[in-house]
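Below is one structure, written out as structure tokens; comments come after it.
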Amino acid sequence: MFPEYDVIVVGAGHAGCEAAAAAANMGMRVMLATMNMNTIAQMSCNPAMGGVAKGQLVREIDALGGYSGIVTDKTMIQFRMLNRSKGPAMWSPRAQSDRMRFAETWRLHLEQTPNVDFWQEMVTGLVVKEGRVKGVVTQLGLEIPAKSVVLTNGTFLNGLIHIGEKQFGGGRSGERASTGITAQLESLGFESGRMKTGTPPRIDGRSVKWDLLEEQPGDENPSKFSFTDTKPLATQRSCYITYTNPQTHELLKEGFDRSPMFNGRIQGLGPRYCPSIEDKIERFADRDRHQLFLEPEGWDTVEVYVNGFSSSLPEDVQFKALCSVPGLDAVKMFRPGYAVEYDFFPPTQLKLSLETQLVENLFFAGQINGTTGYEEAASQGLIAGINAALKVKEEDPFILQRDEAYIGVLIDDLVNKGTKEPYRMFTSRAEYRTLLRQDNADLRLTEIGHKIGLATDERYETMLTKKASVEHIAHALEQISVSPDQLDGYLESIGSSALKQKMKASAVITRPHVLLKDLVSLIPDLGELIGKVDEEVMEQAEIQVKYAGYIQKEKELADKMMRLDTIRIPEEFDFSSISSLSSEAREKLARMKPGNLGQASRISGVSPSDISVLMVFMGR
């Protein structure tokens with residue numbers, strides 16, 4: 001009934017979709033197995049993509065040739081560039097999405113991708129022979145052969161939903177849990193754990209008094225995620241802000257005795273940076289209000305997502321508390337918030353390629369690795385799909401370094417440090433964030449994506465054209481000298497001191513608040529030399545010239561710190577035989593099997609002196 005697939009992807013969430021698309025676009029014969037074809041790429045929680053550091057991840061996925069950025073651009077209803085008041089390293093794109101169109105568009109992209117087959121059924125086990133995965137087993141007892149398998153089970157592995165004192169199996173509201181895989185993996189020697197996440201109630205927008213709320217519109221000139229020719233938004237929908245109050249908090253507290261979080265029924269750890277409303281009240285008892293964002297679920301639907309009100313309290317408590325919030329006194333609730341508890345596998349059991357150490361050709365991606373968020377999941381799915389394809393081709397794995405991409409930081413953190421709570425990406429996790437900006441993701445990664453056969457020739461040519469244009473502008477700024485009279489009044493208007501003598505345009509642009517577009521309009525020779533260029537190219541050139549000193553310093557630091565990553569450790573290296581290593585280092589190095597000294601140095605419990613010992617044994 002089934003051919004032998006090159007790659008089977010289990011689960012069709014954000015990780016599974018990117019994994020399937022990546023492997024198929026690299027020429028693999030792919031099957032995407034899901035329990036429900038109607039929930040492919042479902043936005044299980046908030047209807048949004050991007051945000052602080054997460055937006056960088058989506059742009060990196062796009063630069064490599066993934067689909068998340070394209071799908072987001074085609075289905076967003078609002079765009080905002082966050083942190084514009086800070087430096088470019090902190091700028092982060094965020095889009096409000098149409099939930100239904102997002103899922104539909106993803107599915108259509110997959111259906112139009114050659115080499116992708118679909119199968120709707122629960123996968124209950126793996127076929128493993130002699131330490132290598134050979135396929136999957138379904139609930140009907142069907143055995144589907146494959147050369148590699150990517151597990152992206154999300155919150156469905158033994159998923160348990162909690163609403164007050166009620167609990168029932170499920171990985172998402174209205175959908176059953178997935179069983180069988182955890183027990184088999186544990187029997188193969190894998191360590192597992194439990195985590196939890198939550199979601200807020202959804203309400204009827206027709207029952208909201210919008211005029212009492214604070215409007216939050218999108219950017220006046222909205223940008224986009226993809227480096228392809230997707231179209232920016234012409235019209236947008238606003239979000240709205242309101243706040244809880246002491247009465248809200250008292251009403252919520254009435255249900256604390258029935259809260260699964262506080263009475264011990266939930267064992268898994270929840271996300272630190274996205275706590276439930278009851279957790280906020282408990283942890284921040286001195287706060288008399290908490291901000292809530294009312295986010296429309298799409299262009300046409302009346303359903304509204306109450307961001308900031310995640311809860312697993314009884315539904316009657318949630319409803320009463322919502323009615324006490326300004327603008328929501330007549331609110332109608334479509335469905336209550338809930339918590340979901342699920343199995344995960346500590347990611348220290350993986351290689352940097354996301355292949356498991358215990359079973360060859362088996363890859364994990366997404367929440368099964370202990371992460372939270374669509375963007376983190378999609379990033380892992382992309383890398384797992386790429387590496388599953390490369391493994392079938394018997395080629396070296398694709399591994400992004402910490403100085404190359406936020407995706408590299410994400411995976412390096414997971415594999416070398418592990419996580420005991422749902423991992424979320426932040427700009428502060430990246431030590432080289434001046435290099436890893438959202439604006440230059442294509443310049444950093446498209447050539448790499450093209451080399452492995454994922455980014456198309458068209459993407460590559462577009463990137464080369466942009467690169468040449470940026471270099472042309474930078475050269476023009478070095479060529480043109482600016483006289484004091486040309487900027488008379490302009491510098492004063494932005495709070496900058498007047499020029500005392502002629503100065504290169506490249507030196508003027510390094511001043512705070514000086515914009516390249518202003519210089520082009522004030523200096524005719526510069527405008528003539530640069531010519532007509534795209535706004536994105538202009539911004540990229542301005543950033544590169546304005547922050548050239550900072551960028552160069554960070555490059556030098558990255559080169560120095562990443563040299564250890566070039567010193568390979570043989571796969572069969574016996575750490576236990578080196579008595580001069582600390583006992584903790586011997587244990588962790590033997591268990592995690594780092595591929596190079598850089599990776600070894602980032603493992604918790606491995607000291608600089610341990611690395612010095614290893615350098616001696618590596619002949620350094």
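Side chains included, hydrogens not; waters and symmetry mates left out as well; all remaining heavy atoms used.
- Within 6.0 Å of the CD atom in Glu186, the count of heavy atoms belonging to other residues, nucleotides or ligands exceeds 12.
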In sequence, state the C-alpha distance, the side-chain angles, and the governing distance for Asp412 and Arg429, and then conclude on salt bridge (Lys or Arg N to Asp or Glu O under 4.0 Å).
CA-CA 11 Å; Asp412 191 77; Arg429 296 194 192 272; over 6 Å; no
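- Between the side chain of Ser276 and the backbone N or O of Ser311 there is no donor-acceptor pair closer than 3.5 Å.
- The minimum heavy-atom distance between Phe227 and Gln438, with the atom names listed, is CZ-O, 3.9 Å.
- Applying side chain to side chain contact (heavy atoms under 4.5 Å, CB included) to Val127 and the options Val137, Val149, Val136 leaves one that passes, Val137.
- Across all their heavy atoms, Pro93 and Met81 have their closest contact at N-SD, 3.5 Å.
- Counting only heavy atoms from C-beta outward, the side chains of Val340 and His162 never approach each other to under 4.5 Å.
- With salt bridges taken as basic N to acidic carboxylate O contacts below 4.0 Å, none links Arg94 and Asp219.
- In this structure, Lys280 places its NZ atom where more than 12 heavy-atom neighbours from other residues, nucleotides or ligands lie under 6.0 Å away.
- Contact annotation: the side chain of Met35 approaches that of Ser178 to within less than 4.5 Å [non-hydrogen atoms, C-beta and beyond].
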Output, in order, the C-alpha distance, side-chain angles, deciding distance and verdict of salt bridge (Lys or Arg N to Asp or Glu O under 4.0 Å) for Lys134 and Glu4.
CA-CA 9 Å; Lys134 295 288 187 179; Glu4 182 184 37; over 6 Å; no
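- Between Val359 and Leu188, the shortest heavy-atom distance links the atoms CG2-CD1, 4.2 Å.
- In the model, Asp73 has no side-chain atom that pairs as donor or acceptor with a side-chain atom of Ser226 under 3.5 Å.
- Annotation: side-chain hydrogen bond (donor to acceptor under 3.5 Å, both in side chains) contacts of Thr72 (sequence neighbours excluded): none.
- Pro397 has its side chain out of reach of Lys351: every pair of non-hydrogen atoms, C-beta onward, lies at least 4.5 Å apart.
- Side chains of Leu400 and Ile411 form no contact here, defined as non-hydrogen atoms less than 4.5 Å apart.
- For the atom pair Ile40 CD1 and Cys17 SG, the distance stands at 6.0 Å (nearest 0.5 Å).
- Here the CG atom belonging to Leu57 is positioned 9.5 Å from the CE atom belonging to Met49, to the nearest 0.5 angstrom.
- Of all heavy-atom pairs spanning Ser353 and Asn387, the tightest one is O-ND2, 3.1 Å.
- Residues meeting the side-chain hydrogen bond (donor to acceptor under 3.5 Å, both in side chains) test with Lys224, sequence neighbours left out: Thr230.
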Show your working on side-chain hydrogen bond (donor to acceptor under 3.5 Å, both in side chains) between Arg237 and Gln78 and close with a plain yes or no.
CA-CA 6 Å; Arg237 283 200 69 175; Gln78 187 197 84; over 6 Å; no
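- Side chain of Asn115 to backbone of Val30: no donor-acceptor contact under 3.5 angstrom is found.
- Side-chain polar atoms of Ser238 and Gln216 form no donor-acceptor pair below 3.5 angstrom.
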So Asp6 and Lys147, salt bridge (Lys or Arg N to Asp or Glu O under 4.0 Å) or not? Walk me through it.
CA-CA 5 Å; Asp6 294 311; Lys147 295 172 184 174; 3.3 Å; yes
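- Rounded to the nearest 0.5 angstrom, Arg132 CZ and Asn361 CG are separated by 5.0 Å.
- More than 12 heavy atoms of other shown residues, nucleotides or ligands fall within 6.0 angstrom of atom CD in Glu215.
- In this structure, Thr244 contributes its side chain and His290 its backbone to a donor-acceptor pair below 3.5 Å.
- Between Ala63 and Ala455, the shortest heavy-atom distance links the atoms O-CB, 4.2 Å.
- With Tyr338 as the aromatic partner, Arg172 does not meet the cation-pi criteria of under 6.0 angstrom to the ring centre and within 45 degrees of the ring axis.
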Should Glu376 and Arg424 be marked as a salt bridge (Lys or Arg N to Asp or Glu O under 4.0 Å) after you check the CA-CA gap, both sets of side-chain angles, and the distance that decides it?
CA-CA 7 Å; Glu376 289 88 346; Arg424 177 180 176 176; 5.3 Å; no
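- Using bins of under 30°, 30° to 60° and over 60° for the plane-to-plane angle, the ring pair Tyr67/Trp106 lands in the tilted bin.
- We find the CD1-CD1 distance between Ile399 and Ile383 to be 9.5 Å, quoted to the nearest 0.5 Å.
- Distance CZ/Arg176 to CE/Met122: 4.0 Å, rounded to 0.5 Å.
- Listed by first and then second residue, the salt bridge (Lys or Arg N to Asp or Glu O under 4.0 Å) pairs involving residues 60-72 are Glu60-Arg444, Asp62-Arg459 (not counting sequence neighbours).
- With contacts defined as side-chain heavy-atom distances shorter than 4.5 Å, the pair Thr348/Thr419 does not qualify.
- Within the 4.5 Å cutoff, the side chain of Phe398 has heavy atoms near those of the Ile448 side chain.
- Thr75 contributes no side-chain N or O that, together with a main-chain N or O of Asp98, makes up a donor-acceptor pair within less than 3.5 Å.
- Aromatic pair Phe364/Phe190: ring centres closer than 6.0 Å.
- A donor-acceptor pair under 3.5 Å is absent between the side-chain atoms of Glu191 and the main chain of Pro346, judged by distance alone.
- Between Tyr342 and Asn158, the closest side-chain pair of non-hydrogen atoms is not below 4.5 Å.
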Kindly determine whether Phe363 and Thr356 satisfy side-chain contact (heavy atoms from CB on, under 4.5 Å), including the steps that lead there.
CA-CA 6 Å; Phe363 297 79; Thr356 68; over 6 Å; no
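- Looking only at distances, no side-chain donor or acceptor of Thr105 sits under 3.5 Å from a matching main-chain atom of Phe102.
- Across every non-hydrogen atom of His14 and Gln42, the tightest pair is NE2-O, 3.4 Å.
- For Glu18 (side chain) and Ser379 (main-chain N/O), no donor-acceptor pair under 3.5 Å exists by modelled atom type.
- The main-chain N or O of Phe156 is never found under 3.5 Å from a side-chain atom of Asn153 such that the two would form a donor-acceptor pair.
- The shortest distance between side-chain heavy atoms of Ile368 and Thr152 does not fall below 4.5 Å.
- Glu295 places no side-chain N or O within 3.5 Å of a backbone atom of Ala48 that could act as its donor or acceptor partner.
- For the residue pair Tyr423 / Asn369, no side-chain donor-acceptor distance below 3.5 Å is found, with atom types taken as modelled.
- No hydrogens or angles considered: a donor-acceptor pair under 3.5 Å links the side chains of Thr138 and Glu121.
- Rounding to the nearest 0.5 angstrom, the gap separating the CE atom in Met425 from the NZ atom in Lys54 is 9.5 Å.
- Of the possible polar contacts, none joining the Glu375 side chain to the Val58 backbone as a donor-acceptor pair under 3.5 Å is found.
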